[in-house]
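The structure appears right after this line, and notes come after that.
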Amino acid sequence: MDKTFDAAAAESRLYKAWEEAGCFKAGANASRPETFSIMIPPPNVTGSLHMGHAFNNTLQDILIRWHRMRGFDTLWQPGQDHAGIATQMVVERELAKDKANATRREMGREAFLEKVWDWKGQSGGTIINQLKRLGASCDWSRNAFTMSGAPGAPAGEDGNFHDAVIKVFVDMYSKGLIYRGKRLVNWDPHFETAISDLEVENIETAGHMWHFKYPLAGGQTYEYIEKDEDGTVTLRETRDYISIATTRPETMLGDGAVAVHPSDERYAPIVGMLCEIPVGPKDHRRLIPIITDEYPDPTFGSGAVKITGAHDFNDYAVASRNNIPMYRLMNTSGHLRDDGYDYATCATRAQEIANGDSFGENEVDGMNLVPDHLRGLDRFEARKQVVAEITAEGLAVMTTAGDPRLGRAAAKAEDPDAPVPLVEAKPIMQPFGDRSKVVIEPMLTDQWFVDTDRIVGPALDAVRSGETQILPEQDQKVYFPWLENIEPWCISRQLWWGHQIPVWYGLDLSAPGFSDDEGDGELDMVELGRLLQDGGMVHAGEKAHCAASFEDVQPGFLDEIADIPTPLNHARIIEVADKHEAIATLARSLAEYEISQDPTQLVYPVWRDPDVLDTWFSSGLWPIGTLGWPEQTEALQKYFPTSVLVTGFDIIFFWVARMMMMQYAVVGERPFDTVYVHALVRDEKGKKMSKSLGNVLDPLELIDEYGADAVRFTLTSMAAMGRDLKLSTQRIAGYRNFGTKLWNAARFAEMNGVFAEPAPTAPPAASATVNRWIIGETARVRAEVDAALTAFRFNDAANALYAFTWGKVCDWYVEFAKPLLSGDDAVAQAETRRTMRWVLDQCFTLLHPIMPFITEELWDATGPRSKMLIHGDWPAYGPELIDEAADREMNWVISVIENTRSARAQMHVPAGLHVPMIVTQMDPAAKAAWEANATLIQRLARIESLSEAAAMPKGTITIPAEGATFGLPLADIIDIDAEKARLEKTLGKLAKELGGLRGRLNNPKFAESAPEEVVEETRANLAARESEEAQLKEALARLSEVG
RNA sequence: ACGGCGGUAGCUCAGUGGUAGAGCAUCUCGUUUACACCGAGUGGGUCGGGGGUUCGAAUCCCUCCCGCCGUACCA
């Protein structure tokens, strides 16, 4: 054997061997009926392994390997998700690298998707290979992908996921659990798609708050009165305006009202009046009502809030409650709209609405209230313009240049008394897209939603009842409130990469008011013309039908047109790109019919919803989708519900909660028995690792440097439940050393012929105390490891194994075994070889789930084996192997050695010097222990000989032990004063301890109320300490006599 | 602001009612039948502060202080 384990060379070789032998396959090494299954949290297909993945997958691999070795029918299901936004972003960026490439929009949907699949083909395997480097023992033959089987997927990308996703959508749609509606959503102007509020990061940004005057309509005035807490009037003036503050002046263009709190006396006189939005062409200044609502906080700002329902979530709620129109001001890229009618027309209509006309949602959405000269401007540019125009008009609230509210501007003011507009410098929380990093715009758009209220119940009940257990428990406190206050889940995304929503739209030809003049059920020219011009085609709504495919959706549309007059009711359903094309196609078809009079050529064009589903909608089906659902596969029967989900707390909302809801909604069962939620891996200072901070530790680099086992062991040993990991390379190096330590223990064993004979399959029968002792210690650690892993206490398992392997086996047992291995007692030698072999095998086995590579390598290097360690048999031996007498004896030996070493070191006895030892009194137990282990003690404590004496000679170092007092007569070497000091120090510590013990025992209440075994233990402890104290005092007295 | 978590040795953390532990780092010594990626030894803590419950509190309760993470934020 080499001196160290060559991780770099061995890891790929071993992994390949496992994989080629099919060791990871579902059910491999199964020897019992129970199943154990884990679904990997699917990493992004374009992603690469980061520390969080390394941690997450190490824990999963430990559970999987442990169960596989225990003979469970085990499945670790791997796969990736298609990561809609992220992947689309990556591919667009790749395309942009070469200016010659067409952009996404230029090449069109189909061509772009081909590029995405190409990219997936190229880079999709990256993360898989990285997981392999970590040692992840997933069943790769089952690798799943959330876009598998989608239309346009290239060969080799077949699979059930697309069908599963579409089926679920269709089912939920038909049950009414999915609906479409115009709602305010988070809109990413860069990607031009809706995003989830979970994908929005609120970041504090330096912002401004402007204060503007909204003049009352018709120049009306009122007495504006402010009072302090006592009701004393502090301000009274006549105003012809209401003061409004805003951080987003550009949205004023879309204001629908000004709201004040109903209790706000200051504004009571003007509630119900109209006021003017102080921006836009003078001729068409819009007037909006002053309303009351509970939302405005009278103590904040002016107490009056402008209501822009289409661009602010709070305002949206107010506008909804009060039937205030919500005017959308921006287009999908965050520029002010330049579609629709001119400003004057729209403003006129808006005024009618403000004056009380009824209005419809679609009509309002069609109105463009952006003044013509501002149309097309970027939203931030528009803000500047609006501010400038209002200020120029004198409608900004003014203050003096020295007003501290102005922030830095105030400090820099040359003339602090000069009048300036009140623009407060104010930190504001601004929403940013977590991918695009641009400011998110609340936007009123048509989107698809899951009616989560109706499917959330079982997901909550499951955790409440314990049907699914969330560990650590504190994470339930994250799960519950979120689900209890769940919002509708917006599942549509305006992207191309994803599962396209299986809904088709057709023109609504059953326009109300249309009549067939002759009542003959046939359309003539006049009627057709009317249908085209005035009928539903352009302005009326659309008819929507949902089905898994275009074929399946046709019957719905045929029903739809069955009632309209002949011959259109017999039109063929065809699919076109969008509504515009549908109108054109229908018009053309009708025109051709006019000439040909051939009804078989008539078509009714329908178009598919262009949006795709949120990636989390498909990954919400991960537990069943990966097992082949909707097919009732064998795997599904066997491995679902799954056993454990191991995941980071950051995706409890994103993923865990949604899987819970979806699995119950779709198959009516829990997706997993246990959810183990782990913390975040941080850098050694506790900072979140991020590229911008440059504190990212790359797991692959660490694996290169220290080996996968060391990285895995480090992560495991730090996996205390519910706490973040602060990772330092120093620690990883330490665990690399641990591997080397084990390696060298095996090397030592090899040198001593330990592996010459076949490996024992059962704990060897042993008569030597050391062997009996280490066998018992092994049984202890096995129980500890099993208990720890059962409770998901990964760190306890790792630390127990570390302490056992290094602290017990390598430090003591190997040393104790040396004399036996090299001694001339052939029987003892053989027994010790057998025992050491067995103990090392146990170390390899128990450590394998955490450190699979080095243990497999050692397993292979230490003799012929019937199977690889990955399929080794996990031990089940128990406390029957523990021999209390051997334990006591070896602990006594260890304490004598340690105490002797300690005394020697403190007294500066040269380390290499073998010294004589004297014993003055020894009880039978101590005597027996000494005699049985004299060689060991003498060797390890560097004792030349032991002789009995009636009393310690002058200048002796005293070493107390249980049942014996030892001494090292080293008068010529040691300093008497130093020995006195040493003894006194020890006595001091003892005295403190004794004080506590006596105090407790002397307290009658202690004996009364404490449990008996505690009292007993305390008494025994006191006796032992007292005897030690007596020994030391005697020694001290003797030294004092000497002087 | 609310919620969660945390404050224990120089550092990173275990320890959840029986009187404080580990690893790493420090310092000292050391090439002795594997291992310097090593061995032996040593120092180091009123367990964030205060109060309470208890025979006994790092541990349970109350309160305050500090840090981190979420969520919501006020136009």
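A, B, ... follow the sequence lines: proteins, then strands. Residue 1 opens every chain. For clarity, every value in this text was computed on a predicted model and none was experimentally measured.
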Worksheet item: Is Lys818(A) paired with Glu815(A) through a side-chain N to carboxylate O contact shorter than 4.0 Å?
Response: yes
Worksheet item: Is a donor-acceptor pair below 3.5 Å formed from side chain Arg1000(A) to base U19(B), judging by atom type as modelled?
Response: yes
Fill in: Partner nucleotide, any strand, of C60(B) [Watson-Crick/G-U, under 3.5 Å]
G52(B)
Fill in: Lys/Arg-Asp/Glu bridge criterion (N-O < 4.0 Å) met for Glu984(A), Arg982(A)
no
Worksheet item: When the aromatic ring centroids of Tyr241(A) and Tyr214(A) are compared, is their separation below 6.0 Å?
Response: no
Discussion item. Any strand counts, and the cut-off is 3.5 Å on both contacts for Watson-Crick or G-U wobble. Which nucleotide pairs with C74(B)?
Written reply: none
Discussion item. At less than 4.0 Å, is any side-chain N or O atom of Lys426(A) found next to OP1 or OP2 of A75(B)? Yes or no.
Written reply: yes
Item to complete: Please check the phosphate of C74(B) (OP1 and OP2 only) for any side-chain N or O of Asn314(A) closer than 4.0 Å.
Response: yes
Discussion item. Can you check the distance between U59(B) and G15(B), where both ends of the measurement are the P atom (answer in whole Å)?
Written reply: 14 Å
Item to complete: Both distances under 3.5 Å, Watson-Crick or G-U wobble: report the partner of U42(B), or none.
Response: none
Worksheet item: In the strands shown, is C13(B) matched to any nucleotide by a Watson-Crick or G-U wobble pair with both distances under 3.5 Å, and which?
Response: G21(B)
Discussion item. Counting distance alone, no hydrogens or angles: does the base of C35(B) have a donor or acceptor under 3.5 Å from a partner atom on the side chain of Arg747(A)?
Written reply: no
Practice prompt. Run the salt-bridge test on Lys1005(A) and Glu1008(A) with the 4.0 Å N-O cut-off and return the result as yes or no.
Written response: no
Worksheet item: Quick one: do the Glu424(A) and His208(A) side chains pair a donor with an acceptor below 3.5 Å?
Response: no
Fill in: Gap between atoms CZ and P, on Phe1006(A) and A57(B) respectively (whole Å)
12 Å
Item to complete: Determine the interatomic distance between P on C73(B) and the same-named atom on C66(B); round to the nearest Å.
Response: 26 Å
Practice prompt. State the pairing partner of C5(B); accept Watson-Crick or G-U wobble contacts with both distances under 3.5 Å, and report none otherwise.
Written response: G67(B)
Worksheet item: Under the 3.5 Å rule, do the base of U12(B) and the side chain of Ser728(A) count as making a donor-acceptor pair?
Response: no
Item to complete: Using the P atom on both, measure A14(B) against A22(B) and round to a whole Å.
Response: 16 Å
Practice prompt. For Tyr802(A) and for Arg731(A), find the nucleotide of RNA chain B with the closest heavy atom, then tell me which residue's nucleotide is more 5'.
Written response: Arg731(A)
Practice prompt. With a 3.5 angstrom cut-off on both distances, give the Watson-Crick or G-U wobble partner of C35(B), or none if there isn't one.
Written response: none
Worksheet item: Between His678(A) and Phe55(A), is the ring centre distance below 6.0 Å?
Response: yes
Worksheet item: If we take the C1' atom in both A9(B) and U26(B), what is their distance in whole Å?
Response: 12 Å
Item to complete: Ignoring hydrogens and angles, answer whether the base of C35(B) and the side-chain atoms of Lys3(A) contain a donor-acceptor pair closer than 3.5 Å.
Response: no
Worksheet item: Taking only N and O in the side chain of Asn737(A), is any of them less than 4.0 Å away from OP1 or OP2 of C38(B)?
Response: yes
Worksheet item: How far, in whole Å, is U16(B) from G7(B) if one measures between their P atoms?
Response: 13 Å
Practice prompt. Take atom P in G39(B) and the same atom in U33(B), then report the distance between them in whole Å.
Written response: 16 Å
